[in-house]
Each structure stands twice: as C-alpha cells, then as structure tokens.
Amino acid sequence: MRPRGTRQLQVGRFGAWLARPLASFHLVVTIATLLTVLGLVMVLSASSVESYADGGSAYSLFAQQAMYATVGAVLFYLALRIPFRRLRQVSFPIFALSVLLLVLVLIPGVGSTVNGARRWIDLGFFSIQPSEVVKVTFVVWGAHLLVSRRAAARAANDPRGLKNILVPLVPAGLLVCLLIVLQPNLSTTIAMGIVLLALLWFGGLPIRLFVTILAAGGIAALVLALSAGYRSDRMRAFFNPGDDPQGINYQARQALYSLADGGLWGRGLGQSRAKWSYLPNSHNDFIFAIIGEELGFLGCALVLGLFALFVYTGLRIAARSVDPFLRLLTATATTWITGQALINIGYVVGLLPVTGLQLPLVSAGGSSLALTLLMFGIIANAARHEPEAVAALHAGQDGRVSRLLRLPKPEVYHPVRTRAGARPPDDRTPARRPARDRTDERDDPPARTRASSRGTDTLRATRAWEPSYSVTHARERGRYR
C-alpha cells in the first residue's frame, strides 16, 4: 500500500500538469491518437475472418481503414493550421456544398445503393458519405451563424431575440434531416438532431422553448422509427428481447453473448469467437462487443474512460475560450461526438434500440473516421487559442508537438464591445477594441464570474455570449497587440 503522502504528491503533479498552458491541446491529440490506434487494431481483429472468407486478403478491410485514417491525419493537421477567421468565412459555402451532395446522392446513377440505402457517392478509388460531411459543416456554420447573429442583435440592443437563434438555423437543420431520412438513414438523422439541439442549447435558447423542441424531436424520431419495417422491427426487438432469438433479436443477443464471454480480462486480442460470422457487423456497429470479448471489462472501461476524458477536455476548452465562436463550436462538437458514442455503446449493451450509429474513431467506416479526425483537429486548434496557451505560444513556449508540426502562432482574440446602434465589425477586418482605461479593464469581471454568482456552472456561462476575458489575458493581449 502506497503512503498517503505519495498519492497526494501524484495528484498534485497531475493537477500541476493540467494547469500547464497547452494541457488541453495535448489531451485532445492523445485521445484522438489512442482511439484511432485502438480502432485500427480492433477493425483488423474483427474483420480478418470474414475478409478472408470472402476470397480476399484478411487485411483488405484493415488496409482500407488505414488509408482513411491517413487521410484523417492529414485533415487533422490541416485543421490545426487553418485560422478560425478564415474558417468562419468559408463556413456557409462548405455547408451549402455539403447540402448539394446530400441532394446528389439521392439521384440514381450518382448515389450508390448498398443494403437498400442510397448513402454513398463512388468517386472511383474511394467513396464519400455526404451525411458524414454535413455533420461537420453544420457544426461550423451553425456556430458562426449564431455568434454573428448574437453580435448584430447586441449592437441593435436586442440581445434576446428568438428569431436570431431559430432562423435560419432550424429550417436549415430540418432540411438536412429530411434529405438524410430520404436515403434512408435514421441513425445519422439522430446525430444531426443532437448537433441541432446542442447549437440551440449553447446558443442561449430559453429552456422552455428548448424543452418543447426536444419533445417535438423525440416524437418525430419515434414516428420515423415506427414508420419503416426494419426500423419498427428494431423497436419491437428492443421491447421484446426474448422474442425471435434467431430473427430480429439475433444481433442484439449475440452482442450480449460476446460481452459476457469476455469477462473481466477478455479472451485475448484476436481470440474472439463472435467474429466467425456469429455477430453481424462486428467490425462496424458492434465493434464494442468485440472489444468486450477480446479485451474484457478492462478494455471496455478503457474506451469509456477515453470518451469521459474527451468530455472533460472539450468542455474545459469551451469554458476557457474567450472567443464566443470557439465556445459554441467546441461545446457542440463535444456533445455530438460523445452523444454518438453513448448511443452506440448503449445499444450494444442492450440499453437502447439498435440504431446503427458508429463508435467514433473506433468503428470501421472511412468517411466517419476521416471527418471525425477533422473535427478533433478543429477542437485541438481551439485548445491552442485558450488565453494561457496564446500567451505561452507567443512567448516562445511552443512545446515539442507544436515545434515538430511547425504550427503557426494562434491569433489573439480581441473582444469588441459595441454601443447600441453601432455597426458590429466585419469578420474580414481586424477587430478594433475601443480605448479603455486599464483600471476599468481590471474592474470588469469575467462573464463566467458573473454567471457563477447567479448559481450557474461554468459551461452554462458560455450561453451568455459575453466577450469574457481574464485580467491575465487582458495583460497578455496588451503585450502582443
């Protein structure tokens, strides 16, 4: 048994490491790397038998997944380098392009039909799934739209106008959901619903109206789940788990058998029995069951722990960011990725009906893997824009990762306080802050402090849309102006 002082010293060291300026950035990079590597290993293990049985190589699906992981790594690096000012400028064009792809995939001859669903566009040497693209573009454009509308409403002395939040965000989100339902693809529609609800929640929608929209979305999802034969079969299987064990309940029961077979320590990497054609889609939707069978409860706990650490890191970045766009973007992306992971794990362990949502970065799926890594890169870029990180990077404390990747210095955020009737600054021009006395700057408490005095937590303070900044950041901003 370790002495009590030793444990306290280790906790103190971990706390000191978390207090470092680039701790959030390193956490995001580490989580993305570990989940991607774990996913590649488990995809190889889960798919090797069926890939070989199909007459090909046991490594065929793994090689395809590795290729998309390489593409995702490139997108991750590009996301680290792109300035957020430029990202906001192109947010609407890329969103409009993704919506156009959703329309094109429904056209016979353009979209490829697999298992009765038209979801992919075949480009020859690889295929792309537009519904995965639109999730990323909708997060970026939605965050930019709400921040811009809120700034304009604040300048017009109308900071709580509901129209600024609902229009055109909600109509655009409903249009995207409709196009995805027509494929049909209910699972991705649910993921888009999570993104839309997260944008509305963190965007400052009143709780009563938010609950109303949430209830309406739940009713719509239930109607869609019962409208088609295969979806209604999944709902019937969930509420009657003992019926038809060789039919509609076969996949869910086999997943539970795999988890039970793994026990605490697992059967060993590569030793799964379910992957021998006993568990359909074992490399994709139900890869968490293979993790539980081969790596046991400890392997499942590792996956859950990584996603829990991602939740902490993402919300930490959102709470520490001074740019309202980064707050909303990071909080929404964290909610979407975590929500999708919880739904996947939930239906594998039998707590939710089977929906087909993939486990982010772990399940087989090229478009999903590459674009999720792109989103992780954007979150990592946001971590480098925390006030302490900006000050450290401009002071030359780049760290090994930043020096190795030759990343540019992050832009310093200049909050602008506009008077009533004044025109808000355009994103294409440098933001100029009105001259103020340094004493007034010290006396102006951050938005998070004011929100805490009202009894709300730190993350809910991100809904206030105030240009908050700390005294330390104010001094650093003056230094690197």
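The model shown is predicted, which means the values in this text are computed figures rather than measured ones. In what follows, every heavy atom counts, from backbone to side chain, and hydrogens, waters and symmetry copies are set aside.
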Looking just at side-chain N and O atoms, do S24 and R316 make a donor-acceptor pair shorter than 3.5 Å?
-> yes
Does one side chain, of T137 or S98, offer a donor that lies under 3.5 Å from an acceptor on the other?
->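 The criterion, which ignores hydrogens and geometry beyond distance, is satisfied for S98 and T137.
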Test your reading of the model: is there a side-chain donor-acceptor pair from [X] to the backbone of [Y], 3.5 Å cut-off?
X    : Y    : result
T212 : R208 : yes
N281 : F286 : no
H394 : E411 : no
R384 : L22  : no
R327 : S321 : yes

Verify the neighbour count for atom OH of Y77: are there more than 12 heavy atoms of other residues, nucleotides or ligands below 6.0 Å?
-> yes
Are more than 12 heavy atoms from other residues, nucleotides or ligands located less than 6.0 Å from atom CZ of R81?
-> yes
Nearest-0.5 Å distance, [atom1] of residue [X] to [atom2] of residue [Y]:
X    : Y    : atom1 : atom2 : answer
T113 : R118 : OG1   : CZ    : 3.5 Å
I343 : T338 : CD1   : OG1   : 11.0 Å
T30  : L35  : OG1   : CG    : 11.0 Å
R149 : L166 : CZ    : CG    : 10.5 Å
I287 : S282 : CD1   : OG    : 8.0 Å
L352 : I345 : CG    : CD1   : 11.0 Å

Could you tell me whether the side chain of [Y] reaches within less than 4.5 Å of the side chain of [X], counting heavy atoms only?
X    : Y    : result
I207 : W201 : yes
N381 : F25  : no
Y250 : P280 : yes
F138 : L169 : yes
I291 : V362 : yes
V140 : F95  : no
Q129 : N185 : yes
F238 : Y347 : no

Using side chain to side chain donor-acceptor pair (under 3.5 Å) as the criterion, list what pairs up with Q65, not counting sequence neighbours.
->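 Not a single residue meets the side chain to side chain donor-acceptor pair (under 3.5 Å) criterion with Q65.
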Which atom of [X] lies closest to which atom of [Y], heavy atoms considered:
X    : Y    : result
G203 : L146 : CA-CD1, 4.1 Å
L80  : A380 : CD2-CB, 3.6 Å
I378 : F84  : O-CZ, 3.7 Å
A32  : F376 : CB-CD2, 3.7 Å

Would you please test Q358 and N284 for side-chain hydrogen bond (donor to acceptor under 3.5 Å, both in side chains) and show each step?
-> CA-CA 7 Å; Q358 298 172 325; N284 193 345; 3.0 Å; yes
Considering only NZ, NE, NH1 and NH2 on the basic side and carboxylate oxygens on the acidic side, decide whether E388 and R20 come within less than 4.0 Å.
-> no
With a cut-off of under 6.0 Å to the ring centre and 45° to the axis, is R88 in cation-pi contact with F325?
-> yes
Result for side chain to side chain contact (heavy atoms under 4.5 Å, CB included) between Y312 and one of L18, T334, I317 points to L18
